[in-house]
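The structure appears below as C-alpha cells.
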Amino acid sequence: MTPKEEIEQLRKELEQHNYNYYVLNQPTISDYDFDQMMYKLQDLEMFYPQYADPNSPTQRVGSDLSQEFKSVPHRYPMLSLANTYSEQDVRDFYSRVKDGLEGEDFEICAEMKYDGLSISLTYVDGVLTQAVTRGDGVRGDDVTANVRTIKSIPLRLKEGSGYPHEFEIRGEILLPWQNFEKLNEERERKGEQLFANPRNAASGTLKSQSSKVVAERGLDAYLYYLLGDEIPADGAHYENLQMAAEWGFKISRGMKKCRSVEEVLEFIEYWDVERKNLPVATDGIVLKVNSLRQQRHLGFTAKSPRWAIAYKFKAERACTRLNEVTYQVGRTGAVTPVANMNPVLLAGTVVKRASLHNADVMNELDLHIGDMVYVEKGGEIIPKVVGVDKEQRTADLQKVEFIKTCPECGAQLIRIEGEAAHYCPNDSGCPPQIKGRIEHFISRKAMNIDSLGPETVDDYYQRGLIHDVSDLYDLTVADICGFNRNRVKSAQKVVDGVKSTVNVPFERVVFAIGIRFVGETTAKLIAKHFKSMEALKSATLEQLLEVDGVGQVIAESVIRFFHDEKNLQIVEKLANQGVQMQLSEEQLAGRTDKLAGQSIVISGVFAKHSRDEYKAIIEQNGGKNVGSISKKTTFVLAGENMGPAKLEKAQGLGVRIVNEDEFLEMLAD
Ligand code: IVH
C-alpha cells in the first residue's frame, strides 16, 4: 500500500470508529486501539504534508451529528470549557481573571459540572420552540420532539414570571443513576449491549427514533447558561439563573458565589464528597466569572471562554489485594487479562474484577499475586487497575506472567507483530470463537436468521448440535426439540429461518462467513469485484489489492481464510445447501430496478452515450422508454437541442426535464 492509500484507509477507519462512538454510542474498539490508530495517522500526515486534508479525523475532535435528525445552525456557537485538574490550576485561573480585570472586584460563581450531554433550548413567548444538541458546536441535531418528553423541561414558562420575549437556555441532559441502573438491568435481561455510563445512555436515548422510548427512560435536565439579546447586559450569571428558576427551569444544584480563591477551593472540596449523594452523574465543578460585563471584558480564546473553567474531579481510587489474574477469550480469539481482587467499595459499588487490557499493560504494572493494587473508576463503569503499592510487596510474591496457552481450549497463543493483543489461533476448536462466528453468521446484517439468538446458539452448541455455521443447515425439528415437544413451533421457525437464507445475496454471504477484517462494506466491494466465491477463493494477493478499499491487512486475511481447509469445507457445504455463491443474474448483467415503473422520453443529442445506448440503459434499470410525452411520462431525458415543441409540451404538463449528467447520477451506486 502506498502512504497515500494507507492515509486514506486510516481516515476511513477512524471515521467509522468516530461514527460508532459518537453517533451510534457503540464503540467497537477500545480507546487505546483508537488512539494508536489516530497516532499512526498523525505521524503519516506529518511525514506526507502533501496529503493534508481539513476533513481528516486528526483535524477534528469529534461530533455527535447524526443522519436521522435535521441538522440546524446554532445562533450562538456552543463552546466547551478548558479543563483543569489541580488546586494550582484553579489558583492560576483565579489570578488570570484578577489580572484581566485589572484589580476590579469580582465574584466567581461555582457550580456542579454535570456529566451528560449539552442541549440548547430556544423559547419564544414563553414556549419551547427548539431543542438542539451541541453537534460540532456550530451546527447540532434538532431533537425537539424527543426533548419535549423530558418532564423537567418546561414546554411553557410560568405566566407573568417576567421571561424575555425570546432567549436561549443551555444545560445538560442526564439519565439519573437510578434510571440508568434500571435500564441496564432490563438490557441485560434481554441480552442487549449495556451502556457503559449514564452519559452514553442519555445520549443514546436522546437520539432514539421514537420519542416514546425517550419518555419511558426518564431523562432529566439541569440548566446552567442563559443567552439572548434581551438578557440585561449589566446583569450577572448567578442572578440570571435564579430568574430562570422563577420561569420554571430546573437549575444547577449547589451554586455559590465565591469572593476568594479559598472559598472556591472549599466549595470543590465539599462537593467532591457530597456529589455522591446527587441523583445524577457529575464530573467536576465549573467556575464562572459572575458579572456579564466582566465576562465580555475577558472574552474568549478560539475554543473556550476566558471567564470560565472546568475543574475535573479525580477518578475515585481504592486499594485492594490482587488474588488472581484470569483470562477472557473474545469472539475473535483476542485474550483479555482480568484482575480478580478482594471486594472493595469504589464510587458506590463493590468492585472485585478489573480489566488489565493486554500483556503490555500488565507488564507495565509489574503485577505480583498478592500485591495491593490501586483500582480506579473514571467515567466508565468498568474499573481498571492503575498501579501497585510496592511498599506493601513482600519478597515471596510471584510475578504474574501472561499465559502461553488458551484458557478455553489449551491452544498455544500467538501475538501478531505490532498488535497489542494475544490471540488464540485455534479458531475452529475454541468454544467462544466457534459460538462467536455462528452468532455473527446469523446476525441481522449477515444471514439475518432472527429465529436464532446467542442463547439458542449456546444451547445447540452445548448439546453438540452445531459446531460450525454449516451445521445449522442439518438441524431438524426433531434434533432441536429432543424430548421436549413444547419446542416444536419455535424449532420449526428455526429450521425455516435457516432454509430461507438461500435467498440472501452473495455479498452478504461473503460478510457472513466471517473473514477477519472483512466488514460489511469490504464484503460488498470484494463480492462485486470477484463476482463468485470460486473466483474469490483463488484470488491472489495482487488481485485482492486491486480492489479499491482493500489493503494489505484485509488481502492477507482473505488469503489466510481460504487457505484453511476447514473454511473451504464449510463454504462447500453452504454451497451444497443452496446458499448464494455468486452475484445474481441481475447483478451480473448490470440489471437493477432503479427505474422500475418509470416512463422515460429521450430527446435531443447526447455527449456521453448514444440515444440507443441510453435506451438500453433505461431498460437495464427496469424503466420503459416511450416515444411521446404525456401526463404519464415520469421525466424527459434531454440532450442538446431538444425540440421546442417537446419542451413546451413537457413544461405544459409539468413533466420533469433531466439532463445527461443528472440521469447518470441517478443510476450511480
Ligand atoms: S457552561 C461557555 N456550566 O461541560 C460556557 N457547562 O466543556 C458553556 N457542563 O459543553 C458551558 N455542567 O456540556 C457549563 N454547570 C455547567 C456545566 C457545563 C456541565 C458541560 C457542558 C459543556 C462542557 C464544558
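In each ligand, atom 1 is the first atom listed, and ligand 1 is the first ligand listed.
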Query raised in the report: Of the listed options (Y222, Y114, Y76, Y224), which comes nearest to atom 22 (C) of ligand 1 when hydrogens are ignored and any heavy atom counts?
Result: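 Looking at heavy atoms only, the winner is Y224.
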
**Report entry** Nearest option to atom 13 (O) of ligand 1, as decided by whichever heavy atom of R170, K288, H237, E172 sits closest
**Finding:**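 When every heavy atom of R170, K288, H237, E172 is considered, E172 comes closest to atom 13 (O) of ligand 1.
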
**Report entry** Sub-4.0 Å heavy-atom approach of P305 to ligand 1
**Finding:**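 Contact present.
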
Query - Any M78 heavy atom less than 4.0 Å to ligand 1 - result: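 The answer is no: ligand 1 sits nowhere under 4.0 Å from a heavy atom of M78.
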
Can you find an N/O atom of [X] closer than 3.5 Å to an N/O atom of ligand 1?
X    : value
Y225 : no
R134 : no
W307 : no

Closer than 4.0 Å to some heavy atom of [X] - which atoms of ligand 1 meet that?
X    : value
S80  : 7 (O)
M112 : 12 (N), 15 (N), 16 (C)
K113 : 4 (O), 12 (N), 19 (C)
V286 : 3 (N), 15 (N), 16 (C), 17 (C)
S118 : 10 (O), 13 (O)
E111 : 3 (N), 15 (N), 16 (C)

Query raised in the report: Between the side chains of N290 and E239, does any donor sit under 3.5 Å from an acceptor?
Result: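 Checked: N290/E239 side chains pair up, N/O donor to acceptor below 3.5 Å.
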
Requested in this report: Indicate whether any N or O donor in one side chain lies under 3.5 Å from an N or O acceptor in the other, for E172 and Y224.
Outcome: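 Note: E172 and Y224 side chains meet the donor-acceptor criterion.
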
Taking [atom1] in [X] as the centre, count heavy atoms belonging to other residues, nucleotides or ligands within less than 6.0 Å. Is the count above 12?
X    : atom1 : value
R296 : CZ    : yes
D43  : CG    : yes
Q178 : CD    : no
E269 : CD    : no

Query - Salt-bridge criterion met for K70 and D141 (N-O under 4.0 Å) - result: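 No salt bridge links K70 with D141.
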
**Report entry** For atom 24 (C) of ligand 1, the protein heavy atom that lies nearest, with its residue and separation
**Finding:**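 That would be L81 N, 3.4 Å.
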
Requested in this report: Measure the acute angle between the ring planes of Y225 and W307, then classify it against the limits of 30° and 60° as parallel, tilted or perpendicular.
Outcome: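 Rings of Y225 and W307: tilted, as their planes differ by 30° to 60°.
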
Query raised in the report: Going by the angle between their ring planes, with limits at 30° and 60°, are W271 and F267 parallel, tilted or perpendicular?
Result: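 Rings of W271 and F267: tilted, as their planes differ by 30° to 60°.
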
